[in-house]
Structures are given as C-alpha cells and as structure tokens.
Enquirer: 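Below: one structure in structure tokens.
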Amino acid sequence: MAGKFVTPLITASEWCVERKTTASSITAIINLVQAYMVFDDLSVVVIENKIRHSNDYVERVYHLVIHQLGKEHAEIRYSAFQICDELFRRSHVFRELLVSNLQYVMEVTAETCPDRPLPPPRAVALDLKKLALRVIQEWNKEFGDGYKKLHLGFNFLKHCKKVDFNALEMENSAERERQRELERRQNNLNNERIKKINNEIK
C-alpha cells in the first residue's frame, strides 16, 4: 500500500532561513541579557517558539549557547548560562545534549578546573559561579534521577570540590530577601514620586 503523501510543514529553503533566524534571535537575546543582566519572559517566549518546531532547532540553539559559554568574557557566559537554564527546564533533547557535555559546562561556569579560571570581569565571574552552582543543584533535584551524569556531576561538586550546598542555599535565601527589600524600597520611592507629581499637577 502506497504511503499517504503529506505536505511538508516547511520547505528546505524555509528551514534554512529559519535556522539563520534562530541564530540571530539567540545571539540578539544573549546581547540583550549581557547588556542589562536581565533574562525576561519575552526572551523565554522567543526561544521557546524557536525550539518548538523540531529537535534540529534545539540542537542548533544548544551549539550556539555552548559557543557563547566558551567566550572569554564573564558577562557573555553569564547571559548564555541563563538561557541554558531556561532551555534545560523545558526541553528533554536540550537536557540530553547538555548533560553529555556537563564537565565542560561546569568548567566554564562553575570554575571546576584550576587550569581554566573564569574570565573577567571578576565580579561577574563570581556571580556566574554562584549561579551555576545553584542551578546545577536545582537541576539535580528536579532531573537527577533521570540523568545519571547530572547526578554524578552534582556529587563531584559536593564531594570532590567540597561545595557546601547547604550554605549556598542559605546565602541564596538571604540574597532573595535582600532583593525583595530593595524592590520594596524602590516601589515606595516610586509611589512617593508619583504622589509628588500628582500633587504638583493639582
């Protein structure tokens, strides 16, 4: 029995265009995150829309992000790792790809190799290291049972690199509390400014 003809959803030429557009989108998002150190919901939506089409897009995005993680600038790596985190939580294919290269990812984000220190600026490099350790711990909690290499990587950090994840959690909790307090103060200032402007208008 002859197979049923199915009209392709996308032609080869359209796929090539989409592939280039994906690269441009990811690069643009990385540049924006680097500039403002903020990874917003819109960026997540853009990336999700790109990777939803097929596994080929996921692989393309993975290689783009891994390339950015190798750049000798901590801000670029920080931005790229934020994207890694979002994709890791959303795509099984991306998780498989990243876990297969987890040693390299830990080296360029968590500074696990003495011969490969994180690039400058140092303040951002330290933030990147904290982010990477926190995120890998969260990945392990959520996905460790399904990805043996991820669990092994977490144990390597905990037992070989002597990372105190309990202290890290406390530090993160304190940092979140400080951030909430800063936001509260900023909101109060904004409200006061709005009231002052309204009074002046009256």
Side-chain angles (χ1 to χ4, degrees), residues 26 29-30 33-34 37-52 55 57-59 61-70 74-114 116-118 123-183:
I26 299 302
I29 290 171
I30 288 174
V33 176
Q34 178 190 348
M37 300 304 286
V38 174
F39 190 71
D40 58 17
D41 292 338
L42 178 59
S43 299
V44 174
V45 170
V46 170
I47 292 175
E48 281 189 328
N49 286 337
K50 291 299 178 184
I51 68 173
R52 190 177 293 134
N55 292 342
Y57 291 112
V58 178
E59 292 179 13
V61 172
Y62 165 77
H63 289 297
L64 284 169
V65 174
I66 288 296
H67 176 70
Q68 295 295 321
L69 284 177
E75 289 180 357
I76 296 176
R77 293 191 187 186
Y78 190 100
S79 306
F81 190 73
Q82 285 181 293
I83 295 177
C84 273
D85 183 28
E86 294 295 337
L87 294 177
F88 193 93
R89 297 174 194 272
R90 286 167 168 76
S91 169
H92 168 68
V93 174
F94 189 88
R95 286 195 291 273
E96 287 188 326
L97 290 168
L98 190 137
V99 167
S100 70
N101 201 16
L102 186 61
Q103 180 179 340
Y104 171 78
V105 173
M106 291 196 303
E107 287 179 0
V108 298
T109 60
E111 205 170 31
T112 56
C113 179
R116 180 177 272 176
L118 295 179
V124 180
L126 292 175
D127 287 340
L128 169 60
K129 186 173 183 177
K130 289 179 182 178
L131 174 67
L133 292 174
R134 174 178 63 78
V135 165
I136 291 171
Q137 180 185 27
E138 292 174 358
W139 288 351
N140 181 65
K141 284 182 178 179
E142 187 170 355
F143 304 105
D145 290 341
Y147 300 88
K148 184 178 180 181
K149 284 187 176 181
L150 175 59
H151 191 61
L152 290 174
F154 173 78
N155 284 336
F156 169 76
L157 292 172
K158 184 175 182 179
H159 299 295
C160 298
K161 290 299 178 179
K162 307 299 182 184
V163 176
D164 188 345
F165 285 101
N166 290 328
L168 188 64
E169 283 186 341
M170 293 177 62
E171 182 180 345
N172 289 332
S173 177
E175 180 60 33
R176 286 193 294 269
E177 184 61 34
R178 285 193 293 270
Q179 187 62 35
R180 283 194 291 266
E181 179 62 21
L182 287 174
E183 290 175 357

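If you read the sequence from its start, that first residue is 1, and numbering goes on from there. All figures in this text were calculated on a predicted structure; none of them were measured in a lab.
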Enquirer: Please find the pair of heavy atoms, one from A125 and one from L118, that lie closest to each other, and give the distance.
Expert: O-CD1, 3.3 Å
Enquirer: If the condition is ring pair (Phe, Tyr, Trp, His ring centres under 6.0 Å), which residues does F156 pass it with, not counting sequence neighbours?
Expert: none
Enquirer: Where is the tightest heavy-atom contact between V65 and A80, given as atom of each residue plus distance?
Expert: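 Between these two residues, the closest heavy atoms are CG1-O, 3.4 Å.
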Enquirer: Would you please name every residue forming a side chain to side chain contact (heavy atoms under 4.5 Å, CB included) with K158, sequence neighbours left out?
Expert: F154, F165
Enquirer: Can you measure from CZ (F88) to CG (L97) and round to the nearest 0.5 angstrom?
Expert: 10.5 Å
Enquirer: Does the side chain of H92 come within less than 4.5 Å of R95's, by heavy atoms?
Expert: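 A side-chain contact exists here, since the closest heavy-atom pair is under 4.5 Å.
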Enquirer: Who passes side chain to side chain contact (heavy atoms under 4.5 Å, CB included) against D127, sequence neighbours left out?
Expert: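 Listed in chain order: Y78.
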Enquirer: Say you draw a straight line from CG of D85 to CG of L131; how long is it, rounded to the nearest 0.5 Å?
Expert: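 It comes to 7.0 Å.
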Enquirer: For residues M106 and I136, report the shortest heavy-atom separation together with the two atoms involved.
Expert: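 Scanning both residues, the minimum pair turns out to be CG-CD1, 3.7 Å.
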Enquirer: State, to 0.1 Å, how close A110 and L133 come at their nearest heavy-atom pair, and which atoms those are.
Expert: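 Scanning both residues, the minimum pair turns out to be CB-CD2, 4.0 Å.
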Enquirer: So, for L128 and A74, which heavy atoms are closest and what is the spacing to 0.1 Å?
Expert: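 Scanning both residues, the minimum pair turns out to be CD2-O, 4.4 Å.
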Enquirer: With sequence neighbours left out, what residues match F81 under ring pair (Phe, Tyr, Trp, His ring centres under 6.0 Å)?
Expert: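 If we apply the ring pair (Phe, Tyr, Trp, His ring centres under 6.0 Å) test to F81, skipping adjacent residues, the hits are W139.
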Enquirer: Taking the side chain as every heavy atom from C-beta outward, state whether V105 and I66 have any pair of such atoms under 4.5 Å apart.
Expert: yes
Enquirer: So, R134 side chain and K130 main chain: donor-acceptor pair closer than 3.5 Å or not?
Expert: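 A pair under 3.5 Å: no.
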Enquirer: Counting only heavy atoms not in E59, do more than 12 fall under 6.0 Å of its CD?
Expert: yes
Enquirer: Which atom pair, heavy atoms only, marks the closest approach of R77 to L69?
Expert: NE-O, 3.0 Å
Enquirer: For R90 and E86, what are the C-alpha separation, side-chain angles and deciding distance, and is it a side-chain contact (heavy atoms from CB on, under 4.5 Å)?
Expert: CA-CA 7 Å; R90 286 167 168 76; E86 294 295 337; 2.5 Å; yes
Enquirer: Under 4.5 Å between any side-chain heavy atoms of V99 and F143, yes or no?
Expert: no
Enquirer: Would you check if there is a donor-acceptor pair between the side chains of N140 and H151 at a distance under 3.5 Å?
Expert: yes
Enquirer: The criterion is side chain to side chain contact (heavy atoms under 4.5 Å, CB included); which residues satisfy it with H67, sequence neighbours excluded?
Expert: K71
Enquirer: As an exercise, state the distance from CZ of R89 to CD of E138, rounded to the nearest 0.5 Å.
Expert: 4.5 Å
Enquirer: Does some side-chain heavy atom of L102 sit less than 4.5 Å from a side-chain heavy atom of Y147?
Expert: no
Enquirer: Which residue pairs pass the salt bridge (Lys or Arg N to Asp or Glu O under 4.0 Å) test when at least one of the two sits in residues 96-112, sequence neighbours left out?
Expert: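 For residues 96-112: E107-R116, E111-R122, E111-K129.
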